Amino acid sequence: MITKPKGTKDIYGMEAKRWQYVSKVIDEVMEKYNYNFIRVPVFESSELFHRGVGETSDIVTKETYDFTDRGGRKMTLRPEGTAGVVRSYIENKMYGDVNQPVKLYYNCPMYRYERPQAGRYRELTQFGYELIGSDDPICDAEVISLAVNIYKILGLKGIKVNINSLGDAESRNNYREALIKHFKPHINKLCEDCKERLEKNPLRILDCKVDCDKEVMKSAPKTIDYLNEASKQRFEKVKEYLSLMGVEYLVDPTVVRGLDYYNHTVFEVEAEIEKFGAQNVIGGGGRYNGMVEQLGGPSTPAIGFAAGFDRLMLALDYENVKMPINNSVDLFLLYVNEDEKKYAVYLTNDLRMNGFIVETDYLNRSLKSGFKQADRLNAKFTIVLNSDDLINNELKIKNNKTKEEDVISLDALIYYLDENVIEDDDCNCNCDDSEEHECHCGENCKCKKEN
RNA sequence: GCGGAGUUGGUGAAGUGGUUAACACUCUGGUUUGUGGCACCAGCAUGCGUGGGUUCGAUUCCCACACUCCGCCCCA
């Protein structure tokens, strides 16, 4: 048997429906914030990620899927979204667009060569958005609150936002020096990984899970203390605007982010879910004012956010978040003989073109198993086509909920369905709650009140 | 890249060096020659992740590999 490659996932059935629903919600929220969808290539020149994401991040140095194409070009499957979007921004001269700043979002697969775990894949899906062309703190606040709001609208609880500021280039450099100066004398007290980090990316020492309780760590200089006056005031504005939007956040000086391109505001979104283990960061982002210029565009400030779609889905599952997913068909058509089958062929097509969700038997089942199939599909109505009835220009339609059967004329069927097929206002999430409860749909609903 | 645990039908799983791989659910058919959901009866893994090896004989023991999961690194 040929199996899927390591670290990939097939998504189908109910999971696919939930997946599509979440995508739809993201689209709708993005529309309200006036972000436009952008689709960029799955592979780009390797150079883009080396220049854009940075040479010290593991994502680029040891986790990319690289290949040389038949023309000898060095290519990389995108490990993250920002670099490609920024490349597109520059290449398509979006800095010249009438509408500024440019607001873009994506929701697509990324590729990282890593050891898989739950919520961590080699083919992972991220959604993210970029606001390019403004350095105003209002953007920072909006980008953060937008992330929070998506999770809120989806009904995910236990979301925590940690923010920090790395300051501008000057502040960031001062801080880096200070960190090295602080840790160098104590290098032997640190773990092996941290020793390496001191050389490569000293900011990440603060993230260490092994050493985090040590005294050296607690007395380490804080980013906030190394911000110059302008950076400090900027950060205060971001916090002020966040409060105005009612966003709860925590200032966490250890949030530094792993990608090299960040400056000023950085933030992480965590899901406080027991089962999540080490994969509890479900999104993160920050400002990257230098990147557009570094990739050959005009000096342009920008800020963005990216979130793991797979982890979000996992969180929604763990938290049992309900979704209004249609899990029923309007009508199931049963037949026995060939004449009836022919009429079923005609009728299924006709009714579908009139907007109804119609299913029929494809396996020449017995009536008994046909009814079972109708039940499995949660059919609202069932019709057993009968030659004698058809000759008399009528048919019997059975309401599967009430078990009542009506005899109607053929011509009246569409009208009958229009009148009697009621959209499920209730959440169709398939949960077992028969009690009224707070549900995803935002209201109190009864998911299966007929039970 | 490092360390650890696991892998038995559609599902949950029990089990053993020896010709029926238990049980339950689901599913299919029948009892009921065109109105089911109950009940009863019957059927449903030539197969125990893949490939080798040991053995008269391997799902069981050994080796390798693949995949899944957990921790680390990193990140989403």
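This is a predicted model, so every value here is computed, not measured. Just so we're on the same page: letters track the sequence lines, and every chain starts at 1.
Considering only side-chain atoms of R376(A), the nucleotide from G34(B), G1(B), C27(B) that sits closest is C27(B). Listed candidates were G34(B), G1(B), C75(B). Nearest to the side chain of R112(A) is C75(B). Of the candidate nucleotides U28(B), A76(B), G29(B), G29(B) has the atom nearest to the side chain of S366(A).
Between the P atom of C75(B) and the CZ atom of R257(A) lies a distance of 8 Å, rounded to the nearest Å. To the nearest angstrom, P of G34(B) lies 15 Å from CG of D361(A). The CD atom of E270(A) sits 13 Å away from the P atom of A76(B) (whole-angstrom rounding). In this structure, the CG atom of L390(A) is 13 Å from the C1' atom of G34(B), given to the nearest Å. At whole-Å resolution of the value, CD in E340(A) and C1' in U35(B) are 12 Å apart. One can place CG of N364(A) at 11 Å from P of G29(B), the figure rounded to the nearest angstrom.
OP1 or OP2 of G29(B) sits under 4.0 Å from a side-chain N or O of S369(A). OP1 or OP2 of G29(B) has not a single side-chain nitrogen or oxygen of R365(A) nearer than 4.0 Å.
In this structure, A42(B) and U28(B) make a Watson-Crick or G-U wobble pair, each of the two defining distances being under 3.5 angstrom. Here C2(B) sits opposite G71(B) as a Watson-Crick or G-U wobble pair (both hydrogen-bonding atom distances under 3.5 Å). In this structure U60(B) sits in no base pair that meets the Watson-Crick or G-U test at under 3.5 Å. Under the Watson-Crick or G-U wobble criterion, with both distances below 3.5 Å, C48(B) has no partner in any strand shown.
Across all strands, I282(A) comes closer than 4.0 Å only to sugar-phosphate atoms, never to a base (heavy-atom distances).
Applying the ring-ring contact (aromatic ring centres under 6.0 Å, His included) definition to pairs two or more places apart or across chains, none involves residues 390-415 of chain A. For residues 391-400 of chain A, the pairs satisfying side chain to side chain donor-acceptor pair (under 3.5 Å) are T382(A)-N400(A), D389(A)-K396(A), with sequence neighbours left out. Applying the salt bridge (Lys or Arg N to Asp or Glu O under 4.0 Å) test to every pair with at least one member in residues 74-87 of chain A, sequence neighbours left out, gives these pairs: E44(A)-R87(A), R87(A)-E91(A).
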Short heteroatom pairs, N/O only, protein and nucleotides 6-12 of chain B, under 3.5 Å:
none

Name the pairs: protein N/O against N/O of nucleotides 67-70 of chain B, kept only if under 3.5 Å.
{"from": "U68(B)", "atom 1": "OP1", "to": "G7(A)", "atom 2": "N", "distance (Å)": "3.0"}
{"from": "C70(B)", "atom 1": "OP2", "to": "A118(A)", "atom 2": "N", "distance (Å)": "2.4"}

Mind listing the N/O atom pairs, protein and nucleotides 37-39 of chain B, below 3.5 Å?
{"from": "G37(B)", "atom 1": "O6", "to": "K403(A)", "atom 2": "NZ", "distance (Å)": "3.3"}
{"from": "G37(B)", "atom 1": "N1", "to": "K403(A)", "atom 2": "NZ", "distance (Å)": "2.4"}
{"from": "G37(B)", "atom 1": "N2", "to": "K403(A)", "atom 2": "NZ", "distance (Å)": "3.2"}
{"from": "G37(B)", "atom 1": "N3", "to": "D375(A)", "atom 2": "OD2", "distance (Å)": "3.4"}

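With hydrogens and angles left out, the side chain of E63(A) and the base of G1(B) share no donor-acceptor pair within 3.5 Å.
The pair K4(A)-E123(A) fails the salt-bridge criterion, with no side-chain N (NZ, NE, NH1 or NH2) lying under 4.0 Å from an Asp/Glu carboxylate O.
Ring-plane geometry between Y105(A) and F37(A) is classed as perpendicular, the angle between the planes exceeding 60 degrees on a 0 to 90 degree scale with a lower cut at 30.
Distance check, rounded to the nearest 0.5 Å: CZ of F309(A) to OG of S23(A) gives 3.5 Å.
Aromatic ring centres of Y111(A) and F43(A): separated by at least 6.0 Å.
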